[in-house]
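Presented below is the structure to which this report refers.
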2 protein chains.
Amino acid sequence: MTADGVLVLEGRPTAQLIADHLREQIVQGIFRPGQQINESMLAAQLRTSRGPLREALQRLCQEGLLISWRNRGVFVRELSAEDVKEVYFVREAIETAAAKALLGAGQERIDKTCRVLKGIVKDLAKQVAASDWQAIARVDLEFHRAFVAGAENNRLNRIYETLAAESRMCILNLEVSYPRANVLVQEHQNILDLLEARDREGLLDAIAEHMERPDGPYA
Amino acid sequence: MTADGVLVLEGRPTAQLIADHLREQIVQGIFRPGQQINESMLAAQLRTSRGPLREALQRLCQEGLLISWRNRGVFVRELSAEDVKEVYFVREAIETAAAKALLGAGQERIDKTCRVLKGIVKDLAKQVAASDWQAIARVDLEFHRAFVAGAENNRLNRIYETLAAESRMCILNLEVSYPRANVLVQEHQNILDLLEARDREGLLDAIAEHMERPDGPYA
DNA sequence: CCCTCGCCAACTGTTGACAATCTGCATTCT
DNA sequence: AGAATGCAGATTGTCAACAGTTGGCGAGGG
């Protein structure tokens, strides 16, 4: 049931639904890097046929999460150290752009975004207290995604969605534990405060620092 | 025949080949915005079947050049004024990031990139002299693509590829003629000069100005 | 005249089968 | 023994047919 009161049965294209499902599975590490995706087997699991599944796989290939070798199949992308650097470099660029857009968008949007971010920071603190690393990674990225979403730029969001997925793959597969978990909450709170204060220079510096930390990126 | 002397018959996946072909057709305006893609007809034209074609279409949907409505088909995306703003905003962000990466990458990469850009500017001047607007749009974007390519960041390049395609759609479909064509050559030459001089601030400003021109973006 | 209902053609969504290719292993030759 | 060859199984690439949905068109009723 939508907001209009209209029931739309599976309104989105099947390939997109399957792709979203698989993306989630990939970032959760259910498919390991380098692992081949067996089309027949996976299609059977998903109660569909190879056609729609292959269409979904092509979407994820275009996104860069999977890689396709002709006559060999599609495989979960393995992220090299170079890839990790790339992801965090581009994430910084996108978040910086989002910050600029957000600051130029008026108080209302900033307030709205801050309200969302506050809730996420609170959630983050809870997960840090519980030392649930998987959840910390998820909530951490949820913060950044919400931040970028504040820019209300569809292309920025779409791009960041993929980068966030790749980041989760990094965290999961490089098995990087979060160093100094309490600093993590502090840093996100800092970004939030700077946004609320509309401190342009401070915010841009904080984002750059957050992404280029000397002890290596982690989220 | 590859550089290794090995003949690889169609090494790339079919869906990718078809997607690349269609992307080119779309930016050339052979498919009009809002137009439906008839799968059977197009598959027949390409001497293939609907299966591989649909996989290619899904790639372009993921890219955002096409849009898929369930049980209705896929259509060429129509770009609103808001979309155009988004594209140019993100392009500025990506080019800015590329400039930063390039400046921090050492003289060798900068020189190599400048050599490429010089050739493109020369080509641009030629097309401007000939007043071939279609070619001007192509070469203009070739300049920016080469600029971003200098950063040697695969994700940056991939993202920019889509943005460049969308830009060409804008130019073609909004039928925006290039204002002040000679200034066009001058501006690109300026960016090139600033890069060669490693003038960080000047380069970043020039990029921002180039993308945020008051008379509206054009390429 | 306008609205509604039901039919029809066209198209998309899905499936199962067939063809082509690759990988691994056993066999054979040097 | 080591390398090359041929075979077998599995998997991907491709296709054509079938099923389901949509939107338009015309007949019929208010």
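So that the names make sense, note that chain A is the first sequence line, chain B the second, and so on, each numbered from 1. Every value quoted in this text rests on a predicted model; they were computed, and no experiment measured them.
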- Query: Separation of B:R12 atom CZ from D:dG13 atom C1', in whole Å?
  - Reply: 17 Å
- Within the structure shown, what part of the strands sits under 4.0 Å from A:G51 by heavy-atom distance: base, sugar-phosphate, or nothing? base
- Message: Of the listed nucleotides (C:dG13, D:dT12, D:dC15), which one gets closest to any side-chain atom of B:S49?
- Response: D:dC15
- Message: Side chain of A:R54, heavy atoms from C-beta onward: which of D:dG13, C:dG13, C:dT15 has the nearest atom to it?
- Response: D:dG13
- Item | For atom CG of A:L46 and atom P of C:dT15, their distance in whole Å | 11 Å
- Compare side-chain N and O positions of A:Q36 against OP1 and OP2 of D:dA10 and report whether any pair is under 4.0 Å apart. no
- How close or far is atom P of C:dT21 from atom CD of A:E39, stated in whole angstroms? 17 Å
- CG of B:N71 versus P of C:dA10: gap in Å, rounded? 18 Å
- Between B:C61 and B:V74, which heavy-atom pair has the shortest distance, and what is it? SG-CG1, 4.2 Å
- Does the B:R77 side chain pair with the main chain of B:E166, one donor and one acceptor, at a distance under 3.5 Å? no
- Message: In this structure, how many angstroms lie between the C1' atom of C:dC11 and the CD1 atom of B:I37, rounded?
- Response: 14 Å
- Rounded distance in Å - CH2 (B:W69) to P (D:dG20): 25 Å
- Query: Step by step, would you call A:L141 with A:R91 a side-chain contact (heavy atoms from CB on, under 4.5 Å)?
  - Reply: CA-CA 11 Å; A:L141 278 161; A:R91 277 187 61 189; 3.6 Å; yes
- Closest to the side chain of A:T14, out of C:dT21, C:dT14, D:dT21, is C:dT14
- Message: Quick check on C:dT14: is either OP1 or OP2 less than 4.0 Å from any side-chain nitrogen or oxygen of A:R47?
- Response: no
- Atom-pair distance (CZ on B:R70; P on D:dG23), nearest Å: 14 Å
- Message: Can you say whether a donor on the side chain of B:R50 sits under 3.5 Å from an acceptor on the base of C:dG13, or the other way round?
- Response: yes
- Task: Output the single nucleotide from C:dC11, D:dG13, C:dG13 whose closest atom is nearest the side chain of B:N38.
- Result: C:dC11
- How close or far is atom P of D:dG13 from atom CD1 of B:I18, stated in whole angstroms? 12 Å
- Start with the C-alpha distance between B:L57 and B:L22, add both sets of side-chain angles, then the distance that settles side-chain contact (heavy atoms from CB on, under 4.5 Å), and finish with yes or no. CA-CA 9 Å; B:L57 294 178; B:L22 290 181; 3.8 Å; yes
- Minimal heavy-atom distance between A:F143 and A:L117, with the atoms involved, is O-CD2, 3.5 Å
- Task: With DNA chain C as reference, determine whether A:T48 or A:R72 sits nearer its 5' end, using the nearest nucleotide of each.
- Result: A:T48
